[in-house]
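Below: the structure, in structure tokens.
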Amino acid sequence: PGRAGGGKEEDHHKDHVASCDRPWSSQVVVMREEMAVTGTYGIGMGVDVPVGKTKVEKPFAVSKVTSLKDPMGNDANSTVGIGDILCFCNDRSVAKEGESIIESTIWGEPDSLLKLTFKNSRTGQMYDRTVKRHVPIPGRTHEYTRKWYDVSEHLEGKELATSGEMVRLLNSCRSTVIDPQGREMDFLAGIKKRGSHVGLTLSHG
């Protein structure tokens, strides 16, 4: 009986050791991936821009509105009038900065927001519109495979114990790919992207 009991205990110990030898990633997290597009996006509106010595009748007048979107992604074409003058972009003067404001302010990250200030061409009244950048600029976007780790579904919302070394490792990985504000770094474009986190809330036990 002693040998039989010892054998069972030894088998149980072997099973326990085998389970501990499995890669931690297969038990705690799962890798996910998706195709994504990043780069420079516009807003779906055109203005008459004086370039160099080329003059236009009404500088920065709205010439076309093709696909403006409000912050919620709804159609906003009817909220801006053809011929109205674009005066400010995110409170920066269009008249003062000229054509450079197109790339420096109007174009930007996908799904980011832009505040535009117009002057009504008929009444002279000023009005603001906040729109979403959602139109890819030809030659300035690229596809990539976005990969990330999620906590395994059976562990979501549960308390997990780990070593201090693992906490330091996670924090080191996190600080490599995001800035102090929690925004993910885009290493290809050199710009800050959407917020990200490691999926774990760490606390000292």
Side-chain angles (χ1 to χ4, degrees), residues 32-148 150 177-197 199:
R32 305 189 191 281
E33 64 178 60
E34 66 179 5
M35 290 302 298
V37 180
T38 188
T40 304
Y41 280 60
I43 59 175
M45 182 190 77
V47 296
D48 291 330
V49 180
V51 179
K53 295 183 179 180
T54 303
K55 295 183 178 181
V56 295
E57 183 178 351
K58 295 174 64 178
F60 300 104
V62 177
S63 57
K64 61 181 178 180
V65 180
T66 55
S67 58
L68 277 182
K69 300 289 185 183
D70 68 15
M72 301 301 294
N74 300 315
D75 187 308
N77 287 347
S78 62
T79 65
V80 174
I82 299 297
D84 290 355
I85 306 299
L86 178 61
C87 300
F88 296 92
C89 295
N90 283 344
D91 298 322
R92 292 168 59 179
S93 172
V94 173
K96 181 180 295 185
E97 299 196 29
E99 62 181 284
S100 64
I101 204 167
I102 300 296
E103 291 193 36
S104 66
T105 306
I106 294 182
W107 291 354
E109 300 175 35
D111 296 326
S112 57
L113 301 181
L114 173 66
K115 176 187 174 185
L116 303 174
T117 302
F118 298 90
K119 181 179 180 180
N120 188 292
S121 59
R122 293 181 293 103
T123 66
Q125 184 177 358
M126 306 290 284
Y127 63 94
D128 296 331
R129 295 291 182 266
T130 299
V131 297
K132 177 183 289 190
R133 298 182 180 96
H134 70 102
V135 180
I137 303 300
R140 291 175 174 262
T141 60
H142 60 271
E143 287 189 348
Y144 70 102
T145 302
R146 179 173 177 263
K147 297 182 179 181
W148 70 97
D150 272 345
V177 297
I178 68 171
D179 69 6
Q181 284 70 48
R183 294 176 298 188
E184 180 183 349
M185 296 295 295
D186 183 334
F187 294 103
L188 294 178
I191 57 178
K192 297 177 176 61
K193 297 287 293 180
R194 76 188 76 177
S196 65
H197 55 81

side-chain contact (heavy atoms from CB on, under 4.5 Å) against K147, all qualifying residues, sequence neighbours excluded = M31, E33, T145
To the nearest 0.5 Å, tell me how far F60 CZ sits from L86 CG.
-> 8.0 Å
Check the surroundings of atom CE in M35: do more than 12 heavy atoms from other residues, nucleotides or ligands lie under 6.0 Å from it?
-> yes
Taking all atoms of both residues into account, what is the closest heavy-atom pair of K58 and S121, and its distance?
-> NZ-CB, 3.8 Å
Indicate yes or no: at least one non-hydrogen side-chain atom of V131 is less than 4.5 angstrom from one of L113.
-> no
Shortest non-hydrogen separation from K119 to C87 and the atoms involved = CB-SG, 3.7 Å
The reported gap from NZ in K69 to CE in M72 (rounded to nearest 0.5 angstrom) is 13.0 Å
Could I get the full list of side-chain contact (heavy atoms from CB on, under 4.5 Å) partners for S78, not counting sequence neighbours?
-> none
Shortest non-hydrogen contact from L114 toward I43 = CD2-CG2, 4.1 Å
What closest approach, in Å, do G39 and P110 show between heavy atoms, and which atom pair accounts for it?
-> O-CD, 3.6 Å
When rounded to the nearest 0.5 angstrom, what is the spacing between CG in L116 and CZ in F88?
-> 12.0 Å
Tell me, please, which residues at least two apart from E99 pass salt bridge (Lys or Arg N to Asp or Glu O under 4.0 Å).
-> none
Between the side chains of D128 and T117, is a donor N or O closer than 3.5 angstrom to an acceptor N or O?
-> yes
Which residues satisfy the ring-ring contact (aromatic ring centres under 6.0 Å, His included) test with F118, sequence neighbours excluded?
-> Y127
The side chain to side chain donor-acceptor pair (under 3.5 Å) partners of T40 (sequence neighbours excluded) come to none
Identify, with sequence neighbours excluded, every residue that meets side-chain contact (heavy atoms from CB on, under 4.5 Å) alongside T79.
-> A76, R129
N77 side chain vs L68 backbone, donor-acceptor pair below 3.5 Å | yes
Which pairs with one or both residues in residues 72-94 pass salt bridge (Lys or Arg N to Asp or Glu O under 4.0 Å), sequence neighbours excluded?
-> D91-K115, R92-E97
Taking only residues two or more places apart in sequence, or in another chain, which ones meet R32 in a side chain to side chain donor-acceptor pair (under 3.5 Å)?
-> D150
Do the non-hydrogen side-chain atoms of Y41 and K132 ever get within less than 4.5 Å of each other?
-> no
Looking only at non-hydrogen atoms, find the nearest pair between S63 and D48 and report the distance.
-> CB-OD1, 3.4 Å
Contacts of S112 meeting side-chain contact (heavy atoms from CB on, under 4.5 Å) (sequence neighbours excluded), chain-then-number -> E109, R133
Shortest non-hydrogen contact between C89 and V94, atoms and distance | SG-CG2, 3.9 Å
side-chain contact (heavy atoms from CB on, under 4.5 Å) between D70 and T130, worked out | CA-CA 6 Å; D70 68 15; T130 299; over 6 Å; no
Check: H134 side chain, G44 main-chain N or O, donor-acceptor pair, under 3.5 Å | no
